[in-house]
Amino acid sequence: MTERNFENRALYHCDNLDVLRGMNSETVDLIATDPPFNKNKDFHATPDSLSQNAKFVDRWSWNRDVHESWIDQIEDDWPSVKAVIEAARIASGEDMAAFLCWLGVRIIEMRRVLKPTGSIYLHIDHTAHAWVKSMMDGIFGRKQFCNEIVWCYKSGGASPNRYFSRKHDSILFYTRTASYLFNSQREKSYNRGLKPYRFQGVNEYKDEIGWDTLVGMKDYWNIDMVGRTSGERTGYPTQKPLALYERIIEASSNEGDMVLDPFAGCATTPIAAERLGRQWVGIDIWDGAYKTVLDRLQSERLAVPDGSPLLEPHMFTFGDVLYSKYAPERTDEGEVAAPKLRLKIQSPLEVWQRLSRKQIVEYLVEAQASSGMVICGGCGRLLENEFMHLDHIQPRAEGGANDITNRILLCPPCNSRKGANLTLRGLLRDNKRVKWMQDEGRAKLAQSKARDVAERVRSDMMS
């Protein structure tokens, strides 16, 4: 684990992707967060509330909200995430695909900053639940999924006539590795018998009504929403109850551990963490987030304005809460956030190393061209450029880079056979073994032309 490069009690007022990318790897014990759900709605705070003017738009567009560099990162290092996004595009539309790409690059970074013993609890509802669950399987690994926690709540409104009332959300609980921290919790099970059961391993106690047992907590939680008359209420449009996040924090962290919420909103996670003696960092792009944090800390008697007397031993002053509009700068060696890869990125990258996938493809199409077609660098077949796939010469699993010097265009069968672990040389051997090789000399010519154009591009951009 690396040394932490950010402070306790910090609130970053900027894009959470920038902050996550600026945090050193393996420095966070727990992530508890409530991102947008792709509900295709605009959310606004209630008038005259602590969260006055708080609002966010939960609508997504591929052209407006997705950066080309995010697509490149996912296509190069996270093929399972790419598959989920493409499936969502077909089944649920381009807006869902855009939302998953936007959220996916952030969850990739969340995984990187978690310690090996760390966990993430991601709050979601039915709108995108199935796709987000599949995407998190691809990022964390299916075996690192622990629970789908069902948060059941009561809320107003008449029952709909065409379906059952929707009165629950889901919280997806994943761990960074199999060696994760978990504090088991107990809850009452109301047997109310006149005699104890005396089952082995079951704790029982008696009160004036009868006998109760203490059992392990289930994965469905009945916790009231923040009502209109609740003292917790800030008016923030998607505020969640402190009791919900306190239960998460108690289960998957110890006192003094670092808790992160990349979608801090009205600061429920930071307040819950502070109440339970944890360290915390919140990130939100909303202008009023910092004031709401201070107001809630003061209302909870956890902090007071600078110069005020500390009324409680555990209190601190507002000056101990860091507010920053700038992301932290990494001081570790820049580990790439990809599973099973222990790669290091060069910092800073040269201009030629920052070419997009689209730009690299354009250079290689021209380099590997022959008679109006493109030569496959794996088998020597000629295809239209629309059918060619960009692949790595040295696989990423063996430290291969994403820049143009390690790139080649392959036909679909060669791209599939090469996979994530085979070198280009190994692909040629395999193609000959299975009798897929059509023209080895032409394949090697394509490889030579790809190397030549890579060297020319690098030389031109460095001069």
Hey, could you give me the CZ/CE distance between Phe145 and Met136, rounded to the nearest 0.5 Å? 9.5 Å
Nearest-0.5 Å distance that lies between atom CG in Asn222 and atom NZ in Lys154: 8.0 Å
Mind checking what makes side chain to side chain donor-acceptor pair (under 3.5 Å) contact with Tyr153, not counting sequence neighbours? Asp169
Please enumerate all residues that pass ring-ring contact (aromatic ring centres under 6.0 Å, His included) together with Phe6, with sequence neighbours excluded. none
Measure the CD1-CG distance between Ile124 and Leu103 for me, rounded to the nearest 0.5 Å. 7.0 Å
Donor-acceptor contact below 3.5 Å, side chain Gln359 vs main chain Ser356: yes
Look at Asp72 together with Arg354 and state whether they make a salt bridge at an N to O cut-off of under 4.0 Å. no
Between Thr292 (side chain) and Cys266 (backbone), is there a donor-acceptor pair under 3.5 Å? no
Parallel, tilted or perpendicular for Phe182 and Tyr180, by the 30°/60° rule? perpendicular
Are the charged groups of Lys115 and Asp29 less than 4.0 angstrom apart, N to O? yes
Nearest non-hydrogen partners of Met388 and Cys411, listed with the distance: CE-N, 3.8 Å
Sequence neighbours excluded, the answer for ring-ring contact (aromatic ring centres under 6.0 Å, His included) partners of Phe316 is none
Tightest non-hydrogen contact, residues Arg89 and Ala97, listed as CB-CB, 3.7 Å
Is the shortest heavy-atom distance from the side chain of Trp102 to the side chain of Trp70 under 4.5 Å? yes
Ile108 side chain reached by Asp77 side chain, heavy atoms, under 4.5 Å: no
Any residue meeting ring-ring contact (aromatic ring centres under 6.0 Å, His included) with Tyr363, in chain and number order, not counting sequence neighbours: none
Is a side-chain donor or acceptor of His123 paired with a backbone partner of Thr33 at a separation under 3.5 angstrom? no
Can you sort out the partners of Glu386 under salt bridge (Lys or Arg N to Asp or Glu O under 4.0 Å), two or more places apart, ordered by chain and number? none
side-chain contact (heavy atoms from CB on, under 4.5 Å), that's the test. Do Thr405 and Trp352 meet it? Break it down for me. CA-CA 9 Å; Thr405 63; Trp352 62 271; 3.6 Å; yes
At what distance, to the nearest 0.5 angstrom, does SG of Cys152 lie from CG of Asp224? 11.5 Å
Any His67 side-chain heavy atom under 4.5 Å of Cys101 side chain: no
Residues Lys133, Glu148: salt bridge by 4.0 Å N-O rule: no
Using modelled atom types and a 3.5 Å cut-off, is there a donor and acceptor pairing between side-chain atoms of Arg407 and backbone atoms of Asn402? yes
Verify salt bridge (Lys or Arg N to Asp or Glu O under 4.0 Å) between Glu68 and Lys358, making sure each step is shown before the conclusion. CA-CA 9 Å; Glu68 187 176 3; Lys358 181 179 178 181; 5.8 Å; no
Give a yes or no on whether the backbone of Pro412 and the side-chain of Ser416 come within a donor-acceptor separation of less than 3.5 Å. no
Measure across Thr127 and Met96 and return the closest heavy-atom pair with its distance rounded to 0.1 Å. O-CE, 3.4 Å
Does either side chain, that of Gln144 or that of Arg111, offer a donor lying less than 3.5 Å from an acceptor on the other one? no
Given 3.5 Å as the limit, does a donor-acceptor pair link the side chain of Asn24 with the main chain of Asp332, or not? yes
Is there a side-chain contact between Val361 and Asn385, using heavy atoms and a 4.5 Å cut-off? no
Please examine the side chains of Lys291 and Tyr323, heavy atoms only from C-beta on, and report whether any two atoms are closer than 4.5 Å. no
Given side-chain contact (heavy atoms from CB on, under 4.5 Å), test Glu109 with Val113 step by step and report yes or no. CA-CA 6 Å; Glu109 295 298 332; Val113 303; 5.5 Å; no
Is there a side-chain contact (heavy atoms from CB on, under 4.5 Å) between Thr269 and Trp280? Walk through the geometry before answering. CA-CA 8 Å; Thr269 299; Trp280 56 266; over 6 Å; no
Within 45 degrees of the ring normal and closer than 6.0 Å to the centroid, is that where the cationic atom of Arg247 sits relative to Trp151? no
Basic-acidic side-chain contact under 4.0 Å: Arg458, Glu350: no
Counting only heavy atoms from other residues, nucleotides and ligands, does the tally under 6.0 Å from CD of Glu86 exceed 12? yes
Distance-only, no hydrogens or angles: does the His314 side chain make a donor-acceptor pair with backbone N or O of Arg301 under 3.5 Å? yes
Indicate the atoms forming the closest heavy-atom contact of Gly377 with Leu424, along with that distance. O-CD1, 3.9 Å
Given side chains that start at C-beta, do those of Ile85 and Trp78 come closer than 4.5 Å, heavy atoms only? no
Under-4.0 Å salt bridge between Arg357 and Asp76: yes
For Ser253, does its backbone N or O pair with a side-chain atom of Asn183 as donor and acceptor, under 3.5 Å? yes
What verdict does the side-chain contact (heavy atoms from CB on, under 4.5 Å) test give for His13 and Asp287, after you've listed the backbone C-alpha separation in whole Å, the side-chain angles of each residue and the deciding distance to 0.1 Å? CA-CA 7 Å; His13 176 207; Asp287 291 342; 3.0 Å; yes
Spatial distance of atom CD1 (Ile249) from atom CD (Glu274) [nearest 0.5 Å]: 10.5 Å
Close side-chain approach of Glu300 and Leu242, heavy atoms under 4.5 Å: yes
Heavy-atom nearest pair, Ser119 first then Thr175, reads OG-CG2, 3.6 Å
What closest approach, in Å, do Ala401 and Asn406 show between heavy atoms, and which atom pair accounts for it? O-ND2, 2.9 Å
Under 3.5 Å donor-acceptor, Gln368 side chain and Leu409 backbone: yes
Within the supplied structure, the quantity of interest is the number of heavy atoms (other residues, nucleotides, ligands) at a distance under 6.0 Å from Glu7 CD; does it exceed 12? no
Do Thr2 and Arg330 have side chains that get closer than 4.5 Å, going by heavy atoms? no
Just to verify, what does Asp306 make a side-chain contact (heavy atoms from CB on, under 4.5 Å) with, not counting sequence neighbours? Thr317, Phe318
Heavy-atom count around Glu329 CD within 6.0 Å, excluding the residue itself: above 12? no
Can you tell me how far apart CG (Asn8) and CZ (Arg278) are? Round to the nearest 0.5 Å. 12.5 Å
Hey, is the main chain of Met23 close enough, under 3.5 Å, to the side chain of Arg112 for a donor-acceptor pair? yes
We want to know whether Ser61 and Asn63 form a side-chain donor-acceptor pair, criterion being a heavy-atom distance below 3.5 angstrom. no
